[in-house]
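What follows is one structure encoded as structure tokens, with my remarks underneath.
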Amino acid sequence: MKLPRAFYERSPLEVAPELLGKFLVHVTPEGTATGQINEVEIYSQDDPASHTFRGKTPRNAVMFGKGGFAYVYFTYGMYFCMNVSTETEGIGSGVLIRSCIPVEGIGFMQQRRGKSVHLCDGPGKLCQAFGLTREHNGIDLTTSAELFIEDRGVQIEKYTLTPRIGISVATDKLWRFVF
DNA sequence: ATTGGGATCGTCT
DNA sequence: GACGATCCCAATA
């Protein structure tokens, strides 16, 4: 079943480990892409590595909204990354979906990813494989029939904490969750 | 297996 | 005007 608002409206430290093992689903006219989330990172309001650290802007506004919305941003001139907003309205926090295991729609993913064998194992690759772009920024994952996260009864008992990837500050924090 | 450079542009200083 | 919450390819070892 689809994750409800209450799941997201908690501290990202609580949300992140529970997102591991859940299923990201994107329904498109060509077909449905599904993947099991296996790597996430936390970005909170008072975190110098977070887009929200210097306050609300048009770009990061979704992170400051209610929990359970997709924050999809454009980066490095050519890639998109997807987060889910966490905590209540006014708090700029979220969880970056970094990687997932392809489950359904692998043919579409390969088509979108071209020659590469690496379909979903990275935030930019994941968005490309799932066909996620700026159009998906701001989608309510708790009500959308197009983009949402499902609980299919899988519980991840064992996971690893590491520093986050690709940041230059707060590198001591173990805010990356992998299983 | 690891390293280094290039692509490419929106966002914020 | 500088710099990314990245990725890919080529060169090195």
Side-chain angles (χ1 to χ4, degrees), chain A residues 8 10-20 22 24 26 33 35-87 90-102 105-106 108-139 141 147 149 159-179:
Chain A
Y8 297 103
R10 296 178 291 155
S11 158
L13 279 156
E14 293 179 73
V15 176
E18 293 184 31
L19 277 175
L20 296 175
K22 301 295 191 292
L24 176 66
H26 185 210
Q36 187 179 28
I37 297 167
N38 67 349
E39 182 182 343
V40 299
E41 284 177 2
I42 287 171
Y43 288 92
S44 47
Q45 181 153 332
D46 54 357
D47 164 16
S50 173
H51 289 171
T52 57
F53 185 61
R54 286 163 213 288
K56 190 174 175 179
T57 68
R59 174 169 76 146
N60 65 27
V62 173
M63 293 262 278
F64 283 90
K66 287 188 274 195
F69 285 74
Y71 169 47
V72 183
Y73 69 90
F74 185 60
T75 191
Y76 289 104
M78 58 184 91
Y79 296 111
F80 293 94
C81 295
M82 178 191 170
N83 300 247
V84 300
S85 62
T86 54
E87 301 186 282
I91 303 177
S93 68
V95 177
L96 171 68
I97 312 296
R98 282 193 59 87
S99 172
C100 67
I101 300 163
I106 293 170
F108 300 120
M109 295 184 192
Q110 285 171 334
Q111 223 169 330
R112 296 196 185 100
R113 289 280 303 136
K115 187 186 154 192
S116 176
V117 171
H118 302 282
L119 298 179
C120 291
D121 59 342
K125 289 179 266 188
L126 185 151
C127 281
Q128 193 172 32
F130 276 75
L132 298 174
T133 69
R134 61 174 94 265
E135 300 161 24
H136 303 93
N137 186 48
I139 288 183
L141 301 169
L147 183 63
I149 301 176
Y159 57 87
T160 309
L161 295 181
T162 82
R164 294 170 293 178
I165 304 291
I167 56 169
S168 52
V169 292
T171 50
D172 58 317
K173 302 287 192 294
L174 303 181
W175 284 347
R176 173 170 174 254
F177 298 67
V178 190
F179 89 81

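What's counted below: heavy atoms across the whole structure, side chains too, no hydrogens, waters or symmetry copies. Throughout, a chain's letter reflects where its sequence line sits, starting with A, and its residues are numbered from 1.
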Interatomic distance, A:R113 CZ vs C:dC9 C1' [rounded to whole Å]
13 Å
Face-to-face contact A:Y76 to B:dA7 six-ring, under 5.5 Å, under 30°
no
Does A:S116 have a side-chain nitrogen or oxygen under 4.0 Å from the phosphate oxygens OP1 or OP2 of C:dC7?
no
Look at the side-chain N and O atoms of A:R176 and state whether any lies under 4.0 Å from the OP1 or OP2 oxygen of C:dA5.
no
Could you check if a side-chain atom of A:V40 sits within less than 4.5 angstrom of a side-chain atom of A:K22, using non-hydrogen atoms only?
no
Looking only at heavy atoms, the pair that brings A:Q45 and A:S93 closest together is N-CB, 4.3 Å
On the nucleotide C:dG4, are OP1 or OP2 found under 4.0 Å from the side-chain N or O atoms that A:R164 carries?
no
Minimum heavy-atom distance A:Y8-A:V15, with the two atoms named:
O-CG2, 3.9 Å
Rounded interatomic separation in angstrom, taking CG from A:L132 and P from C:dA5
19 Å
From CG of A:N60 over to P of C:dA5, roughly how many Å is that when rounded to an integer?
12 Å
Would you sketch DNA chain B in dot-bracket for me? Only Watson-Crick or G-U wobble pairs with both distances under 3.5 Å count, crossing pairs as [ ], other-strand pairs as |, the rest as dots.
|||||||.||||.
Identify the heavy atoms of A:T75 and A:C81 that sit nearest to each other, and give their distance.
CG2-SG, 4.1 Å
Using the closest heavy atom to pick a nucleotide of DNA chain C for each, name whichever of A:S168 or A:H118 lands nearer the 5' end.
A:S168
Rounded to the nearest angstrom, tell me the gap between atom CG in A:L96 and atom P in C:dA5.
10 Å
Would you kindly give the CE-to-C1' distance between A:M63 and C:dA5, to the nearest whole Å?
9 Å
For residues 12-19 of chain A, which residues have at least one heavy atom under 4.0 Å from DNA chain C?
none
note: A:R59, atom CZ; C:dC3, atom P; distance rounded to Å ~ 16 Å
Per A:K125 side chain, nearest of listed nucleotides B:dC12, C:dA5, C:dC7:
C:dC7
Do A:F80 and A:E135 make a side-chain contact, defined as non-hydrogen atoms from C-beta onward lying under 4.5 Å apart?
no
Distance-only side-chain donor-acceptor flag, A:R113 / A:Q128, under 3.5 Å
yes
4.5 Å side-chain heavy-atom contact, A:F53 and A:V169:
no
Taking the side chain as every heavy atom from C-beta outward, state whether A:P163 and A:L174 have any atom pair closer than 4.5 Å.
yes
Atom-to-atom span, CD1 of A:I165 to P of C:dC7 - whole angstrom:
10 Å
Answer with base, sugar-phosphate or nothing: what part of the nucleic acid does A:G124 contact at a heavy-atom distance below 4.0 Å?
sugar-phosphate
A:H136 vs A:H26 aromatic rings, parallel, tilted or perpendicular, using cut-offs 30° and 60°?
perpendicular
Taking B:dT8, C:dA5, C:dC8 as options, the one with an atom nearest any side-chain atom of A:M78 is B:dT8
Partner of A:H51 by ring-ring contact (aromatic ring centres under 6.0 Å, His included), out of A:F74, A:Y73, A:Y43, A:F64
A:Y73
Rounded to whole angstroms, how far apart are CZ on A:F53 and C1' on C:dC3?
17 Å
Considering only heavy side-chain atoms of A:F74, the closest of B:dC9, B:dC12, C:dA5 is B:dC9
